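Each remark here refers to the structure printed beneath this line.
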Amino acid sequence: MSNYEKQYQWASEQPEAFWGEQAKSIAWYKAPTKMLENDDNGIERWFVDGTLNTAYLALDYHCEQGRGDNIALIYDSPVTLTKRQYSYSMLRDQVAQTAGMLANFGIEKGDRVVIYMPMIPEAAIAMLACARLGAIHSVVFGGFASNELAVRLEDAEPKLLLTASCGIEIDKVLPYKPLVDKAVMESRWKPEKVCVLQRSQCPAELNQERDADWLSELEKATPHDCVPVLATDPLYILYTSGTTGKPKGVVRDNGGHAVAMKYSMSAIYDIPQNGVFWAASDVGWVVGHSYIVYAPLIHGCTSIMFEGKPVRTPDPGAFWRVCAEYQVDALFSAPTAFRAIKKEDPQGNLIGQYDLSKLKTIFMAGERLDPPTLEWVEQHTDKPVVDHWWQTETGWAIAANPTGLETLPIKPGSSTKPVPGYHVQILDELGEIAPANQQGYVAIKRPLPPSCLPTIWRNHDRFESGYLSQFEGYYVSGDGGCIDDDGYLFIMGRIDDVINVAGHRLSTGEMEEIVGAHPAVAECAVVGIHDELKGQLPMGLVVLKDGVDTNDEQLKAQLIAEVRNKIGAVACFKEAHVVDRLPKTRSGKILRRVIRQIADGEQYVVPSTIDDPQSLGEIEAVLQND
Ligand code: COA
Ligand code: AMP
């Protein structure tokens, strides 16, 4: 039996023994004696009686082990022309001081703190400072509009909001403070304080009553110690798109998360403790939480925080420049980033200008890794490229090529095999296990391994109904796919109203709510259509109310502006068409899949349940003419 198979079998057959062994690799205050127990909701919880502190594991522990001078975090910002390095002891001191500042604001264990910040070290420091106090952070991606921030404030009910005066996107300075002020005004929940880190590119005006200046508050603070928490206490809430306008607050606990993070650094990424790991993502996404902040630091290696883009900061050689400059061992990003590089440097000319000898593997996730991108990156870098599949809900890979256990042969289009701990099965409509190669619901047999969500913040019913109740004993991922004869998993895409735009998870249901709220719109459908660069882009079809006299072009511009205004630029909603009717089943369900197939120019079968087959021809005509 191969090493991977041995571990996989052990984790499947004896999950408690397997994870009990992995749990020994982190420094608990009190090691757990109960590995797996159901909570009051009947949800499996890991390491229930263990106590720890995640920030201690990420920083203090390494300093105590004599690694205080090692580099923990490198900040590289081509947009501000800044480079900064933090040793473990420097980062620990800054986090302790920031935790003291939070404590001065009255933050205690269990309190929520919302963090709305760009890719600067203070964002990671703020997350770790919350963890140090046992407070629960909720990071909101800087590309989201004020409405999205307001929705999250209402749901998380934070005492404090931490922000910066601006973000910087390639050549634009984006003032954050007006967005924050609007969000706080719109939200029914008001944080007691808004603490602002002033950036010289665009200092913000502070409201004397409510706002505080980060640096002055930091100066007044004294370092705060790590507060022990239970393994099952939440470390963070991260909101992710579901099928409606209300995002889901994925809850991550401390203990299971720390153990899974540590395990993944060796088993999946094969990183030595003194290695350099670079997740070119954003702290606002789960990849940033897990692999910019927590996993590399818990493991003890160097993490890179890059405030830039794969292209135009300043050129498509940015990734290779950073890999060479910091001797990166493993690079992790979304396929869309590499498609952007490929578009601007098709021959990969810039790759050859950098010394990539240290770079061992390139990991990709966030969306399906299309075979042409895989091939291009492999060919031009001469490095193995590993696709791995995961979700905000799990916090780490469900399926991967476990390079630290054994590198399995790569099959283009597949995220390889389930990671030890995940029992992935393909189910049909009835919940029966589908035969090999047959597509169905990608589900994970419970118990889920450590780090997976135990609930949706303050909405356990949504966790049950959205993931657990469809097939008893399974977690349903929301993705469709199949497993081939060799046990390789192929993820084919979402089977719900979630789309992936440039590796960003967005809800078409939410876009439909915004478009449908326009006074001229009777009904609408938003679907994700194929895009060469971003993987998918949203496209809307709208039916006007009878008697509405409107200019179609003006209406489209208003809809596009409204989605940008409500969700943010990152939604990339730039295409809307006016049609006479939407294709529906006789029971009134909109046939979104067929709309998508028509828009993508794919062959489609007219569903037998369709009410009005002519509507399809009309859509084809509108899309061709517009
Ligand atoms: N703050 C504010 N605005 C942001 C933002 C942020 N953090 N991130 C993106 N935006 C804005 C962009 O400025 C752009 O605005 P515009 O319409 O005014 O030009 C819009 O949102 C769309 O951004 P994006 O989809 O990122 O497009 P892009 O053309 O700027 O860049 C890529 C394209 C492929 C280079 C970029 O999307 C990328 O690097 N993707 C990698 C994805 C990733 O890291 N995913 C995380 C999972 S691993
Ligand atoms: P997020 O929660 O933002 O990480 O998005 C999770 C979703 O992104 C998954 O449910 C998939 O639809 C998609 N996804 C992530 N990684 C992959 C991958 N390697 N292959 C295919 N789809 C992926």
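Every number for a ligand or one of its atoms is a count from 1 in the order of the listing. Since the model is a prediction, treat every value here as computed from it, not as a measurement. By convention here, the first residue in the shown sequence is residue 1. All values below were derived from every heavy atom in this structure, side-chain atoms included, with hydrogens, water molecules and symmetry-related copies excluded.
Residue Ala280 has at least one heavy-atom neighbour below 4.0 Å for each of these atoms of ligand 1: 44 (O). Of all atoms in ligand 1, numbered sequentially from 1 with element shown, those under 4.0 Å from a heavy atom of Phe141 are 5 (C), 6 (C), 7 (N), 8 (N). The ligand atoms of ligand 1 that sit less than 4.0 angstrom from a heavy atom of Val287 are 48 (S). Counting the atoms of ligand 2 from 1 in the order shown, those under 4.0 Å from a heavy atom of Arg494 are 9 (C), 10 (O), 12 (O). Interface atoms of ligand 2 facing His388, defined by a heavy-atom separation under 4.0 Å, are 16 (N), 18 (C), 19 (N). Those atoms of ligand 2 that come under 4.0 Å of a heavy atom in Trp390, given as number and element, are 4 (O), 6 (C), 9 (C), 15 (C), 16 (N). Here is the list of ligand 2 atoms found below 4.0 Å of a heavy atom in Asn500: 7 (C), 8 (O), 13 (C). Atoms of ligand 1 lying under 4.0 Å from any heavy atom of Gly143, numbered from 1 in the order shown and given with element: 1 (N), 2 (C), 3 (N), 4 (C), 5 (C), 6 (C), 7 (N). The ligand atoms of ligand 2 that sit less than 4.0 angstrom from a heavy atom of Ile491 are 21 (C), 22 (N). Each of the atoms 1 (P), 2 (O), 3 (O), 4 (O) of ligand 2 lies under 4.0 Å from some heavy atom of Thr392.
Scanning the protein heavy atoms around atom 37 (O) of ligand 1, the nearest turns out to be Ala502 CB, 3.5 Å. In this structure, atom 18 (O) of ligand 1 lies nearest to the protein heavy atom Arg564 NH2, 2.7 Å. Ranking protein heavy atoms by distance to atom 39 (O) of ligand 1, first place goes to Pro310 CD, 3.1 Å. Protein heavy atom nearest atom 3 (O) of ligand 2, with residue, atom name and distance: Arg505 CB, 3.3 Å. Here the protein heavy atom with the shortest distance to atom 18 (C) of ligand 2 is Glu367 O, 3.3 Å. The protein non-hydrogen atom at the shortest distance from atom 30 (O) of ligand 1 is Lys309 NZ, 3.3 Å. Here the protein heavy atom with the shortest distance to atom 27 (O) of ligand 1 is Lys534 NZ, 2.9 Å. Scanning all protein heavy atoms for the shortest distance to atom 9 (C) of ligand 1 gives Glu169 OE1, 3.4 Å. The shortest contact between atom 10 (O) of ligand 2 and any protein heavy atom is with Asp479 OD2, 2.5 Å. Protein heavy atom closest to atom 41 (C) of ligand 1, with residue, atom name and distance, is Thr336 CG2, 3.7 Å.
Note on ligand 1: Ala571 sits outside its first shell, no heavy atom being nearer than 4.0 Å. For Trp285, the heavy-atom gap to ligand 2 stays at 4.0 angstrom or more. Within the structure, ligand 1 has Ser281 among the residues with a heavy atom less than 4.0 angstrom away. Contact analysis leaves Gly366 out of contact with ligand 1, as no non-hydrogen atom separation drops below 4.0 angstrom.
When heavy-atom distances to ligand 1 are checked against a 4.0 Å cut-off, Leu174 comes that close only through its side chain, counted from C-beta outward. Within the 4.0 Å heavy-atom criterion, both parts of Gln391, backbone and side chain, lie near ligand 2. With a 4.0 Å cut-off on non-hydrogen atoms, Cys572 touches ligand 1 through its side chain and not its backbone. Contact annotation for Phe332 and ligand 1: no heavy atom of the residue comes within less than 4.0 Å of the ligand. When non-hydrogen atoms are compared, ligand 1 lies under 4.0 Å from neither the backbone nor the side chain of Arg339. Contacts between Arg312 and ligand 1, counted as non-hydrogen atom pairs separated by less than 4.0 Å, involve the side chain only. Heavy atoms of Lys172 found under 4.0 angstrom from ligand 1 belong exclusively to the side chain.
Remark: Glu532 CD is loosely packed, at most 12 non-hydrogen atoms of other residues, nucleotides or ligands lying under 6.0 Å away. Heavy-atom neighbours of Glu186 CD from other residues, nucleotides or ligands within 6.0 Å: above the threshold of 12.
Relative ring orientation between Phe338 and Trp320 is described as tilted, the plane-to-plane angle lying within the 30° to 60° band. Ring geometry for Tyr475 against Phe463 counts as tilted: the plane angle lies between 30° and 60°, on a 0 to 90° scale. Between His388 and Phe332, the ring-plane angle classifies as tilted under the 30° and 60° cut-offs. Using the six-membered ring where Trp is involved, His423 and Tyr8 have ring planes that are perpendicular, over 60° apart on the 30 and 60° scheme.
Here the NE2 atom belonging to His289 is positioned 11.0 Å from the CE atom belonging to Met261, to the nearest 0.5 angstrom. To the nearest 0.5 Å, the span separating CD on Gln536 from SG on Cys572 amounts to 12.0 Å.
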- Task: Go through Thr82 and Thr80 one step at a time and tell me if the side chain to side chain donor-acceptor pair (under 3.5 Å) criterion holds.
- Result: CA-CA 5 Å; Thr82 314; Thr80 59; 2.7 Å; yes
- Going through the distances and angles, do Asp76 and Tyr326 end up as a side chain to side chain donor-acceptor pair (under 3.5 Å)? CA-CA 10 Å; Asp76 186 300; Tyr326 304 112; 2.6 Å; yes
- Item | Gln425/Tyr441 under side chain to side chain donor-acceptor pair (under 3.5 Å): CA gap, chis, key distance, verdict | CA-CA 8 Å; Gln425 283 175 340; Tyr441 298 90; over 6 Å; no
- Go through Ser264 and Tyr291 one step at a time and tell me if the side chain to side chain donor-acceptor pair (under 3.5 Å) criterion holds. CA-CA 10 Å; Ser264 69; Tyr291 293 107; 2.7 Å; yes
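The pair Arg339-Glu367 counts as a salt bridge, with a side-chain nitrogen and a carboxylate oxygen less than 4.0 angstrom apart.
Side chains of Thr240 and Arg505: a donor-acceptor N/O pair is present below 3.5 angstrom, by distance only.
Using a 4.5 Å cut-off on side-chain heavy atoms (C-beta onward), Tyr236 and Ser138 make no contact.
Remark: aromatic rings of Tyr116 and Phe141 are distant, center separation not under 6.0 Å.
For the pair Gln198 (side chain) and Ala204 (backbone), a donor-acceptor distance under 3.5 Å is present. Under a 3.5 Å cut-off, the side chain of Ser165 and the backbone N or O of Cys202 do form a donor-acceptor pair. With Trp389 contributing its side chain and Ser414 its backbone, the two residues share no donor-acceptor pair below 3.5 Å.
Distances from atom 14 (N) of ligand 2 to the heavy atoms of Gly366, Ala397, Ala334 show the closest one on Gly366.
In this structure, atom 34 (C) of ligand 1 has protein heavy atoms in its sub-4.0 angstrom surroundings.
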